[in-house]
Structures are given as C-alpha cells and as structure tokens.
Amino acid sequence: MRIHNTESGELEELVTRRPGHVDMYVCGPTVYGPPHLGHARTVICFDMIRRWLMHSRTVTFVSNYTDVDDKIIARAREEGRSAEEVARTYEQVWADIMRRLRVLEPDRTPRATEAISGMISMIESIVERGHAYPANGDVYFDVSSYAGYGRLSHQSLADLRAGARVEPGEHKRNPEDFALWKAAKPGEPSWESPWGPGRPGWHIECSVMSTDAFGMGFDIHGGGSDLVFPHHENEIAQAEAATGAKPFARYWLHSGMVNLAGEKMAKSTGNVVMLSDLLEVHSAEAIRLLVAQTHYRHQLEFTEDLVEECERAVDRLATFRDRVAEVLQVDSAALTGPLLEALAGGRDGYAGSGGEGEVGPEAEAMSALERSMDDDFGTPGAVAALFEMTKRANAELDTGRLDAAWSWAKALAVFDEILGVLPPAREEGADTALVEGLVELALDIRRRARESRDFELADRVRAGLGELGILVEDAPTGTRWRRDRRQTAGR
RNA sequence: GGCGGCGUAGCCGAGUGGCUCAGGCAGAGGUCUGCAAAACCUUGUACGGCGGUUCGAUUCCGCCCGCCGCCUCCA
C-alpha cells in the first residue's frame with residue numbers, strides 16, 4: 001500500500017510500527033460553533049481512509065476535541081456561559097452530525113482540558129532541553145534551537161521569518177517563536193503551572209494527546225491541509241524537542257480544502273455551508289459520495305447542483321441494491337444493516353457469475369477497489385468500480401442471470417463498509433405496517449384497474465402515490481414500490 | 001515575495017508516454033412498457049498556451065497564462 005506523505009512529498013510504502021496495526025491520530029475540531037461542510041470533508045476522508053485500513057489491519061483511531069481556545073472563550077462571553085458549557089454543547093453537536101454522516105466514532109476522543117498536566121510536563125521537558133524559554137508568565141518555543149523546523153511544510157527558517165509577526169503583549173525573542181503556555185488573563189479559564197496560572201498555547205495539546213495515546217513514532221497523523229503550518233510543524237517540533245526522539249509521526253496525511261464560490265470555505269469569512277442545513281435537504285450518502293468522488297488531497301469545489309447529482313447517483317445504487325435483495329428474496333434492509341456487515345466479514349470467494357474463465361463484475365470491482373484504495377486511498381477509483389459493477393450486474397439482471405446475486409450482495413457489502421454510500425433501505429417506523437398496508441391496498445386497486453384497461457384510474461393512483469412520496473414501478477415480475485428517498489432525506 | 005497544488009469533453013472528476021474504455025450527472029437516439037419509471041444498449045475523437053525531449057506526449061522537461069491553498073486562528 002502506497003500513501004502520500006506530506007513530509008517527503010512523495011508516495012511511500014506504508015510500513016507500520018507494528019505489523020498489522022495502524023495507530024492513527026487526526027486533529028479534531030475546536031468546539032466553538034457548529035461544523036460546516038469543510039469539516040465534514042476532512043472527517044469523511046479520514047473515515048474512508050480508516051475504514052480501508054481496517055479492511056486489512058487493526059486500526060486504533062484517535063481524534064481530539066480542542067475545548068480551550070480564544071474563540072471558545074469569546075463565544076462563551078457572547079452567550080453568557082462558561083467556556084466549558086460552550087465546548088460541551090458543540091462537542092455534542094459535532095458528534096451528532098458526524099454520526100448522521102455515518103462517520104465511525106473514534107476509538108478515543110481526548111479533550112485538551114483533560115491533558116493539561118501532560119502538557120505542562122512536556123513544556124517542562126522542552127524548557128529543560130533548551131528549546132523553550134519562559135517570559136513574563138508565557139513560555140515560548142525557541143524555533144532557532146530546533147534544527148528540523150520547517151521539515152513538514154518545506155520551508156526554511158528564513159522563509160518563515162519573513163511571514164512571522166509578534167502580537168501585542170507577546171514576549172518572544174524572535175518573531176517565528178510560538179507560545180507553549182500563555183499567562184492567564186483576567187476572566188479566562190486557567191490552570192496552575194510552574195510559570196504561574198495560565199493556559200496552553202496553540203499546538204501543544206496535540207503533541208501531548210497523540211503521544212499519550214501512542215507514544216513517539218506512531219504511524220499516521222492526519223488533518224486538513226491548512227494545519228500543515230504552523231499546527232503540525234509545531235507539533236513535530238514540540239514532541240521531538242521534548243523527548244529527543246524521532247520521528248514524532250511516521251506518515252503525515254493532509255486532506256484538501258472545500259471551496260465555495262471559488263474560495264476556501266471558512267467560518268471567519270462567512271463563506272460556509274453549515275452541515276445542519278445541508279442535512280436538511282440532502283442525504284449523508286450523497287454528501288459522502290461527493291467527497292469520495294474527489295481524491296482526498298485535492299480541492300473540492302462545492303455547489304448545490306453537485307450534491308443533487310450525487311443524490312441521483314446514490315439512487316442508482318439503492319435501486320440496484322433493492323433489485324439484488326428482491327432476487328435473493330430478502331428484505332433490502334437486510335442488505336444494508338448487520339447482514340451486510342456479516343457478509344463483508346467473509347470476503348473470500350467472489351466466484352463470479354459467469355461460466356469458467358469468465359470474471360464476474362463483482363470480482364473485477366473488488367480488484368479495482370483494492371488497486372485504487374491501495375494507491376493513496378483512491379476513493380474516486382473505488383466509486384468508479386462500484387458503478388461499473390452496478391452497470392454490469394444490472395445488465396445481467398436484465399437478462400435474467402441471477403445466479404451471482406449473492407456475490408453482488410457481498411461486494412456491495414464491502415463497498416459500503418469502505419465508502420458508506422449505500423442509503424438505508426425502508427426505515428422501520430411506528431407506522432410502517434400501516435403505510436405498507438395502505439400502499440398495497442392502493443396498488444391492488446391499481447392492478448384491477450389495469451386489468452380492466454382503465455389506465456386513467458391506474459395512472460391517477462400512481463400519480464397520487466407519487467405525490468405522497470411513493471414511487472411505483474411496473475416490472476415484468478410485477479409492480480414494486482419504494483419511498484422516494486429524496487423526499488425523505490432531510491428527516 | 002517564499003512554499004505547495006490545480007487547469008481533462010455541457011458540468012463534476014479519475015488516469016495514462018502509443019494499444020478498447022475511468023466513473024457520475026446532464027443531453028440525444030434506441031430496447032422494454034398501455035403509458036411512465038427503472039434498467040440496459042448506442043452516442044460525445046477532452047486533455048490551458050508556446051516550445052523542447054521522443055519514432056510518438058494529454059501524460060516527461062522548460063517557459064507563459066489562469067485559478068486556488070498555506071505563510072495569521074482555521075478541517
């Protein structure tokens with residue numbers, strides 16, 4: 001498996017610290033407001049990366065919450081609440097939305113405020129080893145003392161110096177130095193430390209939380225590309241300066257930004273699509289497909305029309321899944337939930353549908369999936385493989401070749417395990433039986449009307465159901481119906 | 001200014017030194033159907049510009065043009 005390492009700028013063979021295991025840390029959100037599509041893009045990219053790694057290895061996935069920060073404090077002031085209340089609120093909002101986007105929960109979600117003592121010890125080590133200095137209750141990292149600085153972002157100290165600046169009230173020796181600890185200001189949350197009361201600086205938390213989880217030299221560290229500098233650069237400097245060990249992380253993965261109207265989506269400019277709004281109108285699957293169709297390192301230009309297109313594409317997959325379920329005479333729901341997972345577990349023997357020597361669509365799709373994903377997590381290729389399989393299998397279904405349906409179901413299971421783009425089948429609700437009964441009743445009336453060639457009545461029944469979000473289709477095997485996903489996506 | 005990325009058919013978006021093709025959406029024609037829907041089949045000779053390397057470049061190199069990101073909190 002080859003993956004792109006930001007540090008080398010090249011594709012490298014993935015060699016993990018422990019064979020068969022991957023320890024992975026992805027920078028989580030600063031919880032000061034609700035998440036937007038840009039956040040989702042990053043999270044979904046790393047979710048798919050994680051799922052692919054899980055396909056063949058044991059993965060421990062850690063992602064933090066940054067719950068102490070200037071913006072949280074500012075927000076708390078606005079809302080007249082404590083910073084902690086603000087952080088807990090938006091942590092919950094984040095977790096809810098990511099669950100709705102079918103993102104797997106991290107194995108651990110450490111909070112910055114729960115790692116303060118670790119941060120203090122790390123800062124002490126950095127100071128002891130001569131890479132940081134206290135000044136007026138602050139502590140700054142001495143960038144000039146650390147030779148590897150700029151390694152990740154491929155910039156020289158001179159380059160960085162040109163852009164660096166000193167904020168009023170800071171006590172840096174050099175502009176490129178950065179704060180490890182900030183002296184408390186009145187009314188702000190603070191913790192006791194050897195340098196007096198204060199709170200941690202911008203980047204120390206991730207150095208501490210990731211090494212708390214995994215120690216030095218863990219496998220993969222990820223995040224959005226806007227974190228490369230200074231956040232990740234500083235994480236490296238801190239962890240390596242504190243321990244003298246190298247490397248901090250073996251592979252650095254960075255996902256691209258989402259653009260809206262040609263510019264980066266960012267809260268600060270108001271150039272955002274909030275996920276709560278997007279999920280009112282669109283399904284998680286369409287959003288995931290949109291993300292999967294662009295390589296994770298590339299920029300993603302967002303428009304409403306693109307999600308709408310993905311919605312139609314997802315419908316296509318759902319229709320195929322339902323056809324397969326029909327052939328197998330199982331409920332579609334069974335091909336979406338636990339059975340699918342069980343199927344995905346046994347991934348041997350994609351015997352294929354054809355006769356001897358013929359390779360079935362699912363076998364080709366599986367090898368294309370593997371090829372693409374093993375090459376720097378090529379989700380676009382995986383998506384293409386999924387649709388290619390759908391087309392070919394549909395063609396076989398059209399000609400009545402059903403013997404491979406079970407293999408298709410298994411392949412769908414694997415694709416859904418990695419990408420999570422198959423929409424859930426008919427949802428069970430309190431009124432499911434009633435709805436189904438009424439629809440069947442209406443369809444029975446329609447069937448009788450058709451038999452007596454009263455097509456006007458038959459079409460009225462179909463149109464009426466259509467208005468209620470029930471799609472009716474006459475197949476050679478009989479009439480089938482389904483709910484119009486797009487009318488119910490927001491619920 | 002420094003670092004990095006991108007420019008592919010109507011739109012989105014993979015990919016590759018030549019060989020039959022990414023894929024999705026949209027469009028056109030067709031099969032099926034009472035009609036529709038779904039599905040399938042057919043259909044589009046695209047690779048920003050100019051040079052260079054090469055038998056041959058969209059793919060490699062150089063320059064130019066355009067767009068974007070980071071260099072400040074940011075997924």
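Convention: sequence-line order gives letters A, B, ...; per-chain numbering from 1. Only this structure's heavy atoms are used, side chains among them; waters, hydrogens and symmetry mates stay out. These numbers come from a predicted model, not from an experiment.
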Give A:R460 one of three labels, base, sugar-phosphate or nothing, depending on what nucleic acid heavy atoms sit under 4.0 Å from its own.
nothing
Grab the CE-P distance between A:M373 and B:A14 for me, whole Å please.
14 Å
A:R288 meets the side-chain contact (heavy atoms from CB on, under 4.5 Å) criterion, sequence neighbours left out, with A:I44, A:D47, A:M48, A:R51, A:R102, A:V103, A:V421
What is the separation between atom CZ on A:R450 and atom P on B:A36, rounded to the nearest whole Å?
13 Å
A:E79 meets the side-chain contact (heavy atoms from CB on, under 4.5 Å) criterion, sequence neighbours left out, with A:R75, A:R81, A:V86, A:Y90
Around A:E301, counting heavy atoms of other residues, nucleotides and ligands shown, do more than 12 lie under 6.0 Å from its CD?
yes
For nucleotides B:A46 and B:C12, find the distance between their C1' atoms and express it as a whole number of Å.
14 Å
Pair listing, salt bridge (Lys or Arg N to Asp or Glu O under 4.0 Å) test, anchored in residues 61-73 of chain A, at least two apart:
A:D67-A:R88, A:D70-A:K182, A:D70-A:R199
Just the table, please: protein N/O against nucleotides 25-32 of chain B N/O, every pair under 3.5 Å.
from, atom 1, to, atom 2, distance (Å)
B:C25, O3', A:R312, NE, 3.2
B:A26, OP1, A:R312, NE, 3.3

Quantified in whole Å, what is the P atom distance between nucleotide B:C32 and nucleotide B:A14?
39 Å
Distance, C1' atom - from B:G49 to B:U8, rounded to whole angstrom:
15 Å
Once side chain to side chain donor-acceptor pair (under 3.5 Å) is applied, what residue pairs with a partner in residues 37-46 of chain A remain, sequence neighbours excluded?
A:T42-A:S255
By side-chain contact (heavy atoms from CB on, under 4.5 Å), which residues pair with A:R316, not counting sequence neighbours?
A:F387, A:K391
By salt bridge (charged side-chain N to carboxylate O under 4.0 Å, His left out) - contacts of A:D459 (at least two apart):
A:R462
Dot-bracket, RNA chain B: Watson-Crick or G-U, under 3.5 angstrom, [ ] crossing, | other strand?
(((((((..(((.....[....))).(((((.......)))))....(((((..]....))))))))))))....
What residues, two or more places apart in sequence or in another chain, satisfy side-chain contact (heavy atoms from CB on, under 4.5 Å) together with A:P380?
A:H295
Under 4.0 Å between any heavy atoms, over every strand shown, what does A:V472 touch: base, sugar-phosphate, or nothing? Just pick one.
base
Mind calculating the distance between CG (A:D398) and P (B:U33) to the nearest angstrom?
13 Å
Separation of atom CZ in A:R392 from atom C1' in B:A39, rounded to whole Å
16 Å
Please state the C1' separation for the pair B:G52 and B:G30 - nearest whole angstrom.
48 Å
Does one side chain, of A:T319 or A:D322, offer a donor that lies under 3.5 Å from an acceptor on the other?
no
RNA chain B nearest-nucleotide lookup for A:Y296 and A:A384: closer to the 5′ end is A:Y296
Measure from the side-chain heavy atoms of A:E473 and tell me the nearest of B:A37, B:G23, B:C35.
B:A37
Please state how far atom CZ in A:R297 lies from atom C1' in B:G15, giving the value in whole angstrom units.
14 Å
Could you check whether A:D459 gets within reach of a base, just the sugar-phosphate, or nothing at all, counting any heavy atom under 4.0 Å?
base
By the salt bridge (Lys or Arg N to Asp or Glu O under 4.0 Å) test, which pairs, at least two apart or in different chains, include something from residues 289-300 of chain A?
A:R297-A:D376
Mind checking the C1' distance from B:G23 to B:G44? Whole angstroms is fine.
15 Å
Per-nucleotide protein contact string for nucleotides 68-75 of chain B, where B marks a base within reach and S marks sugar-phosphate only (heavy atoms under 4.0 Å, - for neither)
BSSSSBBB
Among side-chain atoms of A:N5 and A:E12, is any donor-acceptor pair under 3.5 angstrom?
yes
Rounding to the closest angstrom, what is the interatomic distance between B:A38 and B:U20 at atom P?
34 Å
B:C40 to B:C74 separation - P atoms, rounded to the nearest Å
46 Å
Nearest-0.5 Å distance that lies between atom NE2 in A:H36 and atom CG in A:L278:
12.5 Å
B:C60 and B:G18, which share atom name C1', separated by this distance in whole Å
14 Å
base_contact_polar (B:A36 base, A:R462 side chain, donor-acceptor, <3.5 Å)
yes
What is the distance, to the nearest angstrom, from the CD atom on A:E301 to the C1' atom on B:C12?
10 Å
Map A:P380 and A:H154 onto RNA chain B by nearest heavy atom, then report which one ends up closer to the 5' terminus.
A:H154
Please enumerate all residues that pass side-chain hydrogen bond (donor to acceptor under 3.5 Å, both in side chains) together with A:R450, with sequence neighbours excluded.
A:D474
I need the NE2-C1' distance between A:H298 and B:A14, as an integer number of Å.
9 Å
Between atom CE in A:M389 and atom C1' in B:A39, what is the gap in whole Å?
15 Å
